[in-house]
Amino acid sequence: MNQVGRPEPPPTGPVKFVAKNMRLDLRLIAEMIEPGSRVLDIGSGDGSLIETLSRTRGCDARGIEIDMAEVTRSVAHGLPVMHGDADHDLAEYPDGAFDVVVLSRTLQAVERPREVLRQMLRIGSRAILSFPNFGHWLVRWQLLSTGRMPMTSVWSRPWYETPNIHPCTIRDFMALCDQDGYAIEQWLAVDDAGQRSPWRRFPGLANVFGEQALFRLRRA
Amino acid sequence: MDLPDLPDAEHQNVRFADGLELDCGLTLPELTVAYRTYGTLDAAGANAVLVCHALTGDQYVAEPSPVTGKDGWWTQVVGPGRPVDTDRYFVICANVLGGCMGSTGPRSLRADGTRWGTDFPPVTIRDMVRAQKRLVEHLGIERLFAVIGGSMGGMQVLEWAATYPDALFAAVPIATASHHSAQNIAFHEVGRQAIFADPEYHGGRYHEHATIPARGLAVARMAAHITYLSEAALARKFGRRLQNGGLSIFGDMFQVESYLRHQGSTFVRRFDANAYLTITRAMDYFDLAADHGDDLAAAFAGTQARFCVVSFSSDWLFPTRESRALVRALNRAAANVSFVEIPTDKGHDAFLLDEPDFHRTLAGFLAGCAERAGLAR
């Protein structure tokens, strides 16, 4: 379900407890989750986040994944993963079934992002999301200078076949949270080198230099 | 066809003299459960796996059947080093209530020395599960590590999870559904009518005439067997090929016809017609949601069991959409559920065949559960 392909950045900075070869945003997400939490990872991919959470943090972590080969691999690896997707399968869960619901690098590819977000915060007390920032300077520059849809290492597929049908910027996302009444508990942006950005208090700068954004929300 | 009745082989069993109360309101005065076990029960009694067989299966899951001499029906799945590893788990498989391999059923003798025949009361999937529960208790097991089964065996798995939620750690319903569909009931009815139409059926009292309704039962098996395969599998295995490679199709037989006739004729040597009627009826009655106020999620309310639902892409008898409906009900109950659809062209029968992805999935799911349950390696 991780439609935005991107080469693995080398692990940088201190990694407290999570697997070293895990994708950076997943490591950052794992650090945001309390031990022992009930977690649903939507778009669990190869299952590395739920494996880390259940084996090292004592979490009851489960996954939903759209790619059947990944589902089979995960279940065969002993991880509780079901075939399904964000748009159609969240509505079934009861309110508050999870402490944390995770959606990494997938928001931009779902059919109804706003509804998915609403469902996430209905079935979970907290939602953690990561997404590629469409407000990044390179994206802006390419559109401005060439007049064509940007093609970067993050936005790497041409417009006519990209699964990323709902790109948004960090500011767009913050506006939606404000509009729908979600409190942002924590957020950060990661720059091209995979480093956490230093612009914690300046969303405008983060929206220019952050390649990926990571948010932890709760119902306000 | 003139065939002798089934041989009365000796089957390992346990008798419960106090009988069994059935859903229909009647009570069986005595209950016999025929079963086999494989592997060793650990000191804590925590590594027991119950395998539930399908409509025409039996308890000989991992060893040759004494009736047919053929290999166990799930030797690829159950055995040393197999996904259900008998070096690690204590595996139990029982002949279902209403069956004909030693458990109480229409072929069983009553107190007066006559066979039950058509007097055998209608049984339900839940009755079958109650009989299994008696066996499990008899074996000294409080909680099963896992209950696994495909097709009708999967119905039993679901019934176990709904009826005895605290008596199992993991549940693996395979190629199954929470109810028998109208189409499935329709196919069963064709089979039953074929049996009724056989003059040797004698209103179900064929034992008294020293005969069996072999022709009708064979047709029932042939019709059912078509539903176990996919169109693609039939095309791949037989296509339009003729049996003897003759030039004229007139008077010659297609390979698929020959195959089905073989399926029918071997079946009647190992299965009792009245048992077939009883068990197909039990499957038709099965509707887990109806038993829980038409809310399937209510059947699993509060369950702590870990589920692994498996379907097969070309199975049109128990299609993936029914597994998905089951998974959604489990989600509504906030159950821990894994769900995989295995890509295959082998149809419903795929769960009995060589499907490496399925076997890996099952082995991995059980290993993950064993880790959670703290089972010794």
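Heavy atoms only: backbone and side chains are in, while hydrogens, waters and symmetry mates are out. A note on names: the letters A, B, ... follow the listed sequences, proteins ahead of strands, and every chain is numbered from 1.
- Ranking A:S74, A:A76, A:A97, A:G78 against chain B, the residue ahead of the rest is A:A76, based on heavy-atom pairs under 4.5 Å.
- A heavy-atom distance below 4.5 Å is found between the side chains of A:M82 and B:N331.
- Of the two parts of B:V337, the backbone and the side chain both hold a non-hydrogen atom closer than 4.5 Å to a non-hydrogen atom of chain A.
- Across B:L362, B:N336, B:L366, the residue that shares the most heavy-atom pairs under 4.5 angstrom with chain A is B:N336.
- Within 6.0 Å of atom CD in A:E115, more than 12 heavy atoms from other residues, nucleotides or ligands are found, so the atom counts as buried in its surroundings.
- Atom CD of B:Q304 is surrounded by 12 or fewer heavy atoms from other residues, nucleotides or ligands within 6.0 Å.
- In terms of non-hydrogen atom pairs under 4.5 Å with chain A, the most contact-rich of B:R332, B:R360, B:H359, B:R372 is B:R332.
- Taking A:T72, A:L79, A:V75 one by one and counting their heavy-atom pairs under 4.5 Å with chain B, the maximum is reached by A:V75.
- Using a 4.5 Å cut-off on side-chain heavy atoms (C-beta onward), A:R62 and B:R306 make no contact.
- Within the 4.5 Å cutoff, side-chain heavy atoms of B:R328 are placed close to those of A:D89.
- No part of B:C369 comes within reach of chain A, as not one of its non-hydrogen atoms sits under 4.5 angstrom from that chain.
- Contacts between residues 143-171 of chain B and chain A, defined by a heavy-atom separation under 4.5 Å, are made by no residue at all.
- Counting heavy atoms from C-beta on, the side chains of B:E341 and A:M68 come closer than 4.5 Å.
- With sequence neighbours excluded, the residues satisfying ring-ring contact (aromatic ring centres under 6.0 Å, His included) with A:F173 are A:F131, A:F215.
- Within a 6.0 Å sphere centred on CZ of A:R55, heavy atoms belonging to other residues, nucleotides or ligands number more than 12.
- With a 4.5 angstrom heavy-atom cutoff, B:A334 touches chain A via backbone and side-chain atoms both.
- Interface residue A:S54: backbone and side-chain heavy atoms are both found under 4.5 Å from chain B.
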